[in-house]
Amino acid sequence: MHAVILGNGVSGATAALRLRELRPEWRITMVSGETTYPYSRPALMYVFMGHMRYRDTKPWPDSLWADRRIELLRGWVSEIDTKERSLKFEDGNRLGYDRLLLATGSRPNLFGWPGQELKGVQGLYSLQDLALLRENVKRARRAVVCGGGLIGIELAEMLHGLGLPVTILAREEWYWGNILPREEGRFVSRMIVEEGFDLRLSTGLSEILGDGEGRVRGVRTSEDEVLDCQLVGLTAGVSPNLAALEGSGIPTRRGILVDRSLRTEVEGVFAAGDCAEIETGGDRNLLQQVWYTGKAQGRVAAASLAGIEERYEPGIWFNSAKFLGLEYQVYGEVPNRPGEGRRHLYWEDFEARRAFRVVEEGGAVCGMDILGGRLRHRVCESWIREGRRLEEVLEGLGEACFDPEFFPRPVERIRKEIREVAG
Amino acid sequence: MNQIRNPLLQETLFDEEADDFAAPVSPLPRRVTPLEGIAYLLLVLGSGGFLASILGWIGGGWGSFLFVFGSLTAGGVLLPWARYGNTSPGVKNDRTFFRGISTRGITGWAAGVLLTGFYVVLYWRSDLLEGGIRLVDPLALVLTGEEAGKWFLYGFLYSLAVLLFGFRMILRWRGNPYQILRTFSVIFFQLGLAFLLPHLLALFEQPEFYFTYFWPLKTEYLWPSGFRWLASHPGGLGVFMAFWGLAMTFLATPVLTYFFGKRWYCSWVCGCGGLAETMGDPWRHLSNKSDAVWRIERISIYTILAVVTAGTAVLWINSAMEGGLLGTLSQGFAEWYGFLIGSLFAGVIGVGFYPLMGPRVWCRFGCPMAAILGLLQVKASRFRIETNGGQCMSCGNCSTYCEMGIDVRSYAQKGDPILRASCVGCGLCSSVCPRGVLRLGGRK
Ligand SMILES: Cc1cc2nc3c(=O)[nH]c(=O)nc-3n(C[C@H](O)[C@H](O)[C@H](O)COP(=O)(O)OP(=O)(O)OC[C@H]3O[C@@H](n4cnc5c(N)ncnc54)[C@H](O)[C@@H]3O)c2cc1C
Ligand code: SF4
């Protein structure tokens, strides 16, 4: 039995390793065009800033793959033939499979902006993008980053670190406005400005201007302002990477459609990670594009490939990020707008660079987020799962605090001030 | 929607293993700020003055002393101030792997050769340092009532380095209370208990005693000759010191390690650790993380522990038999141990190789105290580095900046707590982790 895993990101790599445990005798091949060995995508920025080398970002030692008899094949796949059960590579080679896992990840969104093909315009997703960025900064005296999200702020920080003046265009009223509630978004926006970035909120990109020689010379914003720049970062989110699937007959919508066991409709073909869209039977499918969900899906996909019945249960949502120096965590449901029947309780101390929010629904806490602090995952998860009351959560804040020793713990203050608001 | 194609790299597959992801070149060159310029000037003046005094070009006295060490101190304070004073308090992702000095480039090697050379001269050709030793006479006269010897000069330079690089460390990590407190602590113990106090003791005709070093790091304190020398010193202080040494080794070490882990000593108190945590900080990422080196580490450090323990036992038996066992050989053992371990390993390699192998070579491969503390840490301690559930995204910052060469990520990405004999609890993994996954102090 030959299992082929297309994509060596966290989903593909996790699946390969577990499949080896489950099926010691199978042949396993992991294919990727980007790199030979898996590396940690979230570490891209640190490589660019000289905080790590590329080799430091590999989660597993190179020798592991040979030890586990997982063949690593380098190349871009251009076609999938599900009848013949084979992959066709860009260089014309073919590789047959018995079971196929698609773990092709995402790609940066491009919204058909005029001028997006100019030199000096790029996204930040792959190691190739990083190499391209290094070329592009060579002539950049000013940069514009379009899209106020997590990758946008990372790209902005990388460029700013080189001494480049950076303008960030964000369409929303506050930073990361499609996810963050207003207060956190304003908090983050204010901090970004204080750190020396030119942040333009409620401002989109309408056109990228060329210099007549195919290079970018500026952008026109939705406010009809022209900003000179030699580098444009496009970071307006990502979408599932379906490039290899064209003509394959594997059903897709936004992502590759799979059931709870990550099976596509095509016999022997599975999908996991950023590229998978899980049909829930409800009105919204599940499209999860973060690291730990990729890892969790990779594990389930390995079982499915091996023919073992397992279901992907998403569990309590969690995400974390860093805006420049500011850490952010979210657990459960923290909607960005106030909604019917939900009560939001928010506390902040901008000077101390800390904020905290709890969301309550029908008397039970359903989510919380924190800026500038760390909460203990296990505790928050169990609170939300068990639907604890607000008072219990406030009482237990000390136990949930994951800040390092000697860090200020404003637990008492948060408790008191939130109680006052809650009445 | 179209995938962004990399126009530069379209033709061939990109060779990420060969690409070293070198420093991006920006057309806006990084300029040396006036403050940095002044700092460099002061450092050049100070080190030039020190060299001149060694070569005998300038004489001793307070004037020279203040000129040389005043310039070095001012430069050593100004430089980090110029670098970090204006930055935000968070982690500095600032080009560590792009600088020759921190990546075994030409300047890195030069620093290694210079440091190693200094130790070689200090141990075996200290006559060459005569002028430098005379330079610190004024201070030695005040503190000890006597002219300086080479160990006074060494202790003074060592303490100055801990102080100045400690200042840098505090500025660099000023958003991080753990790092700040820890750095204050090593400065205090080095300056107060490992430099000033022993000299003051000597001034008052008490034994020159280091309250922060114990057997088996300071082997002499529990060797028959050293123990008796202390215990027989007139006045109660000597006896107190002898028993202090005993109590620290056999009582305080296990108890403190049970509650706090090895770090109570290695990264908060110890002088060797103190220098590693301050002057060694710019090189901490150079420690090797491979399993093969981990294996060597365990063999080497436990061998040395075994030698010290056996040696100490034999020395006591020999002394009880009034030299019947070894005769004059016991003196030979003490001398050889002092030369091989104390000078060659702890000094020349331990500090000289900072810029080449990271700052904890001695602590990792050599120190018998670290070996005992490590065993206690694994077998009888509540100390753990806690991992926050499944939050690790395998970026590798923690492993990269672990000075002890622990592959922290390999535990964190499995969601496991980290418990390793060598962990000195410096807390840097937790400090550089961009997602706040690691927390020191977890209990069983
Ligand atoms: C800059 C950046 C920062 C991020 N930071 C975070 C973070 O802090 N936390 C977090 O949770 N998530 C973060 N993410 C998201 C996270 O990296 C992704 O969710 C995760 O990498 C998805 O893993 P995956 O295995 O599904 O896909 P990917 O990691 O995208 O891997 C897909 C692989 O498939 C290969 N592939 C695709 N198509 C083909 C083809 N046709 N032929 C050959 N190979 C192909 C690609 O080469 C690629 O290597 C970040 C993403 C980026 C870009
Ligand atoms: S630094 Fe943090 S996120 Fe990165 S590998 Fe280590 S524990 Fe994981």
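Only this structure's heavy atoms are used, side chains among them; waters, hydrogens and symmetry mates stay out. Note on naming: letters A, B, ... go to the chains in the order of the sequence lines (proteins, then strands), and numbering restarts at 1 for each one.
Applying the salt bridge (charged side-chain N to carboxylate O under 4.0 Å, His left out) test to every pair with at least one member in residues 44-63 of chain A, sequence neighbours left out, gives these pairs: A:R53-A:D56, A:K58-A:D62, A:K58-B:E17.
Within the 4.5 Å cutoff, the side chain of A:L162 has heavy atoms near those of the B:P24 side chain. Within the 4.5 Å cutoff, the side chain of A:E327 has no heavy atoms near those of the B:R435 side chain.
Heavy-atom pairs under 4.5 Å with chain B peak, among A:R378, A:R376, A:E195, A:M158, at A:R376. The most heavy-atom pairs under 4.5 Å with chain A, out of B:S88, B:G427, B:G90, come from B:S88. When each of A:W291, A:Y54, A:F402 is checked for heavy-atom pairs under 4.5 Å with chain B, A:F402 comes out on top. Of the listed residues (B:K289, B:H285, B:R263), the greatest number of heavy-atom pairs within a distance under 4.5 Å of chain A belongs to B:R263. Contacts with chain B were tallied for A:G373, A:G294, A:G163, A:A321; A:A321 has the most, counting heavy-atom pairs under 4.5 Å. In terms of non-hydrogen atom pairs under 4.5 Å with chain B, the most contact-rich of A:F48, A:Y37, A:Y328, A:Y39 is A:F48. Of the listed residues (B:V437, B:T400, B:V91, B:I180), the one with the most heavy-atom contacts under 4.5 Å to chain A is B:T400. Chosen from A:Y331, A:Y292, A:Y125, the residue pairing most often with chain B at heavy-atom distances under 4.5 Å is A:Y331.
Along residues 92-102 of chain B, the residues that come nearer than 4.5 angstrom to chain A, judged on non-hydrogen atoms, are B:K92, B:N93, B:D94, B:R95, B:T96, B:F97, B:F98 in order of number. Heavy-atom neighbours of chain A within the stretch residues 389-397 of chain B, taken at a separation under 4.5 angstrom, comprise B:G389, B:G390, B:Q391, B:C392, B:M393, B:S394, B:C395, B:G396, B:N397.
A distance of 6.0 Å separates CD in A:Q329 from CG in B:N388, rounded to the nearest 0.5 Å. Between A:L164 atom CG and B:L28 atom CG the span is 5.5 Å, to the nearest 0.5 Å. Taking SG of A:C401 as the reference point, atom CZ of B:R439 lies at 7.0 Å (rounded to 0.5 Å).
With hydrogens and angles disregarded, no donor-acceptor distance shorter than 3.5 Å links the side chain of A:K322 to the backbone of B:G436.
Of the atoms belonging to B:L438, it is backbone heavy atoms, and not side-chain ones, that fall under 4.5 Å from chain A. Looking at A:D91, there are no atoms closer than 4.5 Å to chain B (heavy atoms on both sides), in backbone or side chain. No part of B:C398 comes within reach of chain A, as not one of its non-hydrogen atoms sits under 4.5 angstrom from that chain. In this structure, the portions of A:E405 lying under 4.5 Å from any heavy atom of chain B include both its backbone and its side chain. Looking at A:Q230, there are no atoms closer than 4.5 Å to chain B (heavy atoms on both sides), in backbone or side chain. Contact annotation for B:S410: neither backbone nor side-chain heavy atoms come within less than 4.5 Å of a heavy atom of chain A. The contact between A:R374 and chain B is made entirely by side chain atoms (from C-beta outward), counting heavy-atom distances below 4.5 Å. For a residue to count as touching a neighbouring chain, one of its non-hydrogen atoms must lie under 4.5 Å from one of that chain's; by this rule A:Y46 touches chain B with the side chain only. Heavy atoms closer than 4.5 Å to chain A are found in the side chain of B:L181, but not in its backbone. Residue contact with chain B, scored on non-hydrogen atoms closer than 4.5 Å, is absent for A:S126.
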| field | side-chain contact (heavy atoms from CB on, under 4.5 Å) evaluation trace for A:M52 with B:V432 | value | CA-CA 11 Å; A:M52 281 192 281; B:V432 294; over 6 Å; no
| task | Show your working on side-chain contact (heavy atoms from CB on, under 4.5 Å) between A:K138 and B:S26 and close with a plain yes or no. | result | CA-CA 5 Å; A:K138 279 188 186 153; B:S26 159; over 6 Å; no
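No more than 12 heavy atoms of other residues, nucleotides or ligands lie within 6.0 Å of CZ in A:R254, so this atom counts as exposed by the packing criterion.
A salt bridge is defined here as a Lys NZ or Arg NE, NH1 or NH2 lying under 4.0 Å from an Asp or Glu carboxylate O, and A:R74 with B:E16 meets this definition.
Residues forming a side-chain contact (heavy atoms from CB on, under 4.5 Å) with B:P177 (at least two apart in sequence, or on another chain): A:F406, A:F407, A:P408.
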